[in-house]
Q: 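A single structure is presented below for examination.
Reminder, nothing fancy here: chain letters follow the sequence lines and each chain counts from 1. Every heavy atom of this structure was used, including side-chain atoms; hydrogens, water molecules and symmetry mates were not.
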Number of protein chains: 2
Amino acid sequence: MKDKATVTIRDVAQHAGVSTATVSRVLSNSGPVSAEVRERVEHTIRALGYRPNRMARSFRAQRSKFIGLIISDVENPFYTSLVRAVEDVAYAHDYSLLLCNSDEDLEKERTYIQFMADERVAGVIGSPASEQETSFAALFDAGIPVVSVDRRSALTPVDTVLLDNVAAARDLTRHLIHHGHRRIGAILPNLSITSGRERLAGFLQAMEEAGLAPDPALIHEGKGIEAFGAHAARALLHLPERPTAIFTGNNLITLGALKAIQECGLRIPDDVAVAGHDEMPWMSLLAPGITVAAQPIHEMGRTAMRMLLARINGDSQPMCEVKLAPRLIIRNSVASPTPI
Amino acid sequence: MKDKATVTIRDVAQHAGVSTATVSRVLSNSGPVSAEVRERVEHTIRALGYRPNRMARSFRAQRSKFIGLIISDVENPFYTSLVRAVEDVAYAHDYSLLLCNSDEDLEKERTYIQFMADERVAGVIGSPASEQETSFAALFDAGIPVVSVDRRSALTPVDTVLLDNVAAARDLTRHLIHHGHRRIGAILPNLSITSGRERLAGFLQAMEEAGLAPDPALIHEGKGIEAFGAHAARALLHLPERPTAIFTGNNLITLGALKAIQECGLRIPDDVAVAGHDEMPWMSLLAPGITVAAQPIHEMGRTAMRMLLARINGDSQPMCEVKLAPRLIIRNSVASPTPI
DNA sequence: TCAAAGAGTGTAATCGTTCTCAGCGGCTTG
DNA sequence: CAAGCCGCTGAGAACGATTACACTCTTTGA
């Protein structure tokens with residue numbers, strides 16, 4: 001029996017000599033169906049090779065089985081891993097992933113948020129481009145649950161999964177101070193996002209603890225991309241009195257800073273110590289290895305997706321914020337500063 | 001005017017005092033509408049904050065505005081970049097991305113392919129898990145165009161975008177031979193996929209050119225992941241007469257091999273030379289840098305997506321295969337072998 | 001002057017599901 | 001034995017958009 005045209009539930013009903021309602025009941029296992037009829041319908045389904053039209057289902061339910069994932073850029077390894085973790089949990093529950101790269105662009109982000117609302121997705125996991133300016137209101141109004149990950153969103157109350165950024169930055173900075181560093185440069189992602197703001201706070205906290213006055217000339221803040229990390233690191237290294245250590249505030253900044261240091265012909269840790277955010281798969285290849293705070297990214301992604309699933313399934317607990325602990329990986333990028 | 005419930009085309013029609021057909025005509029700019037009515041309808045749309053329900057549209061058209069992307073794993077940087085390139089072109093044409101990780105698992109892949117058919121996606125870009133066993137038939141039957149990328153698919157005729165693997169592997173091997181290497185190990189991804197098979201062919205071709213008989217004991221083939229690369233490299237390095245150079249057949253294998261070499265305490269290029277596939281963003285950080293064949297990944301992704309769009313828009317040219325040239329990046333991981 | 005063409009608009013069917021409602025037997029129960 | 005209930009089933013109404021077709025006016029050309 002070749003399915004020249006697509007086989008619909010009507011065809012199945014007709015061939016099995018029952019109504020579409022009954023076929024639907026068999027399909028979704030809802031409502032009573034006699035064993036005999038169920039058998040016949042199931043046989044017909046197999047014989048005709050019938051597969052339910054998912055679009056029709058979503059349309060009828062006025063809710064699709066898609067999870068929108070709005071991140072700044074899949075090519076950022078942090079988000080890559082996040083995507084993977086989310087996808088694993090999503091597919092296990094018969095949801096699939098709609099991927100959007102906002103590029104930290106508020107306008108683009110707004111478009112995608114509206115798009116998700118127009119698509120009536122089941123839920124959205126997002127990493128807002130700005131803590132104060134990103135608005136999930138369109139989703140909120142449409143009753144679409146949202147989980148914010150890696151960053152907070154202030155405008156709408158949403159569940160949130162974060163790294164304990166303050167602790168991570170503080171511990172890394174303490175590590176530097178502990179090795180005797182006093183003049184420590186810091187390169188941070190944008191302070192308008194949670195990670196930037198909190199990592200700065202952690203850095204300052206450690207400095208203060210140690211009775212060190214942070215030097216504003218040693219603190220750089222900007223777009224959290226490789227180019228900025230390299231640029232800021234170069235600026236620090238060309239200072240008349242250059243810092244003996246650099247704290248880097250995210251993975252791409254770390255990458256950029258490392259390239260700049262190499263470019264300047266400086267050696268780690270002898271000429272400059274480095275400790276910063278985010279483990280990456282190739283870091284153990286470097287000699288010396290770089291001391292970093294690793295995030296439990298997969299755990300963050302899975303947690304976010306699970307929280308979202310709970311909301312989708314009607315959970316109406318008050319909004320909650322989960323904060324996960326970083327893991328410090330001590331390698332050899334920090335030594336005591338050489339006395340001048 | 002608060003949209004308590006969702007605003008539909010019917011609401012707009014009613015408020016503007018026209019029929020839904022007219023509103024639809026205004027929306028899609030199809031068919032004649034008088035300037036006066038168009039103006040009124042547009043005003044009503046804005047006033048009510050009406051946004052077309054995309055699900056309803058897809059349902060009615062029996063074709064969604066989604067592009068299915070089936071790759072083995074987003075966490076593989078090659079696919080990460082591919083995803084990004086595809087997404088950029090897709091969104092520019094009002095399509096969005098449905099992401100699936102097959103993990104090289106034929107069963108999982110089959111599920112996803114069927115899923116895409118059930119969703120009536122507009123098109124699929126896939127990197128088949130096996131050249132001979134992956135079947136896009138379900139999509140073909142449903143009239144959904146497919147572009148195969150990075151690897152060929154033999155069972156169904158589909159457009160294909162490939163790297164010139166033979167040339168890349170051959171040039172890398174030539175580079176090793178040119179530096180005087182005779183005993184060259186090769187670590188290749190699975191030969192059941194195009195890249196594995198062709199890269200082996202390129203390797204053998206260069207060997208033959210140079211009058212060298214490849215030693216089967218030096219050729220490893222397996223799942224193209226980091227663990228395999230490391231494992232195979234270790235095996236090569238522990239050989240009584242170990243190769244003076246290693247050719248690595250993809251990005252993860254290269255990563256694994258580098259880790260194994262480091263682990264064995266061997267130095268590149270003095271103890272063992274390395275040249276292999278795929279540039280990665282951190283490669284320039286290594287000392288010495290690794291000589292690789294870089295793929296124009298973004299170009300591959302963009303090309304694949306453009307070919308797919310052409311098919312979606314009804315292009316019925318015969319199937320075509322695009323082969324893009326690699327770019328050799330010569331660094332310092334290859335020197336002449338130290339005489340024994 | 002009248003037929004044909006065409007602009008502008010509305011009616012209603014349609015896409016494939018799900019789900020409410022109602023009906024029909026057969027069973028239990030008071 | 002009537003009333004009520006339950007198991008099983010079907011008819012048909014949604015869901016929100018597009019579009020084929022029909023209809024009414026105008027305009028045009030012979």
Q: Identify which nucleotide among C:dT9, D:dA17, C:dT17 has an atom closest to any side-chain atom of A:Thr8, counting heavy atoms from C-beta outward.
A: C:dT17
Q: Kindly give the heavy-atom pair with the smallest separation between A:Leu97 and A:Ala90, and that separation in Å.
A: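 Closest heavy-atom pair between A:Leu97 and A:Ala90: CD1-CB, 4.0 Å.
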Q: Any chance you could lay out the side chain to side chain donor-acceptor pair (under 3.5 Å) test for B:Ser127 and B:Tyr79, step after step, and finish with the verdict?
A: CA-CA 9 Å; B:Ser127 185; B:Tyr79 291 113; 3.0 Å; yes
Q: Check step by step if side-chain contact (heavy atoms from CB on, under 4.5 Å) holds for B:His93 and B:Leu308.
A: CA-CA 12 Å; B:His93 291 82; B:Leu308 189 62; over 6 Å; no
Q: Between D:dG16 atom C1' and A:Glu119 atom CD, what is the distance in whole Å?
A: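 To the nearest whole Å, that distance equals 13 Å.
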Q: Counting only distance, no hydrogens or angles, is the base of D:dG16 paired donor-acceptor with the side chain of B:Arg54 under 3.5 Å?
A: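 It does not, because no donor-acceptor pair links the side chain of B:Arg54 to the base of D:dG16 below 3.5 Å.
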Q: C:dG16 P sits how many Å from A:Tyr50 OH, rounded?
A: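 For the pair A:Tyr50 OH and C:dG16 P, the rounded distance is 10 Å.
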Q: Stepwise, does the side chain to side chain donor-acceptor pair (under 3.5 Å) test hold for B:Gln62 with A:Asn53?
A: CA-CA 9 Å; B:Gln62 282 302 298; A:Asn53 182 329; 3.0 Å; yes
Q: Just checking, any donor-acceptor pair under 3.5 angstrom between side chains of A:Ser81 and B:Glu75?
A: yes
Q: Among C:dA7, C:dG10, D:dG16, find the nucleotide with the atom closest to the side chain of B:Pro32.
A: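 Per side-chain heavy atoms of B:Pro32, the pick is C:dA7.
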Q: I need the B:Leu162 CG to B:Ser195 OG distance, nearest 0.5 Å.
A: 9.0 Å
Q: Starting at CE of A:Met55 and ending at P of C:dT14, how long is that distance when rounded to a whole Å?
A: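 One finds 18 Å between P of C:dT14 and CE of A:Met55, rounded.
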Q: Is the closest side-chain donor-acceptor distance between B:Glu131 and B:Thr194 under 3.5 Å?
A: yes
Q: Whole Å only: how far is the CZ atom of A:Arg120 from the P atom of D:dA17?
A: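 Whole-Å distance recorded here is 8 Å.
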Q: Rounded off to whole Å, could you give me the CG-to-P distance for the A:Asn53 and D:dC15 pair?
A: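 Atom CG in A:Asn53 sits about 19 Å away from atom P in D:dC15.
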Q: When you measure from the side-chain N and O atoms of A:Thr22 to the phosphate of D:dG10, is any distance below 4.0 Å, counting only OP1 and OP2?
A: yes
Q: Between protein and nucleotides 12-14 of chain D, what N or O pairs are separated by less than 3.5 Å?
A:
from   : atom 1 : to      : atom 2 : distance (Å)
D:dA14 : N3     : A:Arg60 : NH1    : 3.2

Q: Rounded to the Å, how far apart are B:Ile9 CD1 and C:dT9 P?
A: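 My rounded result for the distance is 15 Å.
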Q: Counting just side-chain N and O atoms, does B:Ser24 come under 4.0 Å of either OP1 or OP2 of D:dT18?
A: yes
Q: Quick one: which of C:dT18, D:dT9, D:dG16 gets closest to the side chain of A:Leu27?
A: C:dT18
Q: C:dG16 P sits how many Å from A:Gln14 CD, rounded?
A: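 Atom-to-atom, A:Gln14 to C:dG16, this comes out as 14 Å.
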Q: Measure from CZ on B:Arg63 to C1' on D:dA17 and round the result to the nearest Å.
A: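 Distance, rounded to whole Å: 18 Å.
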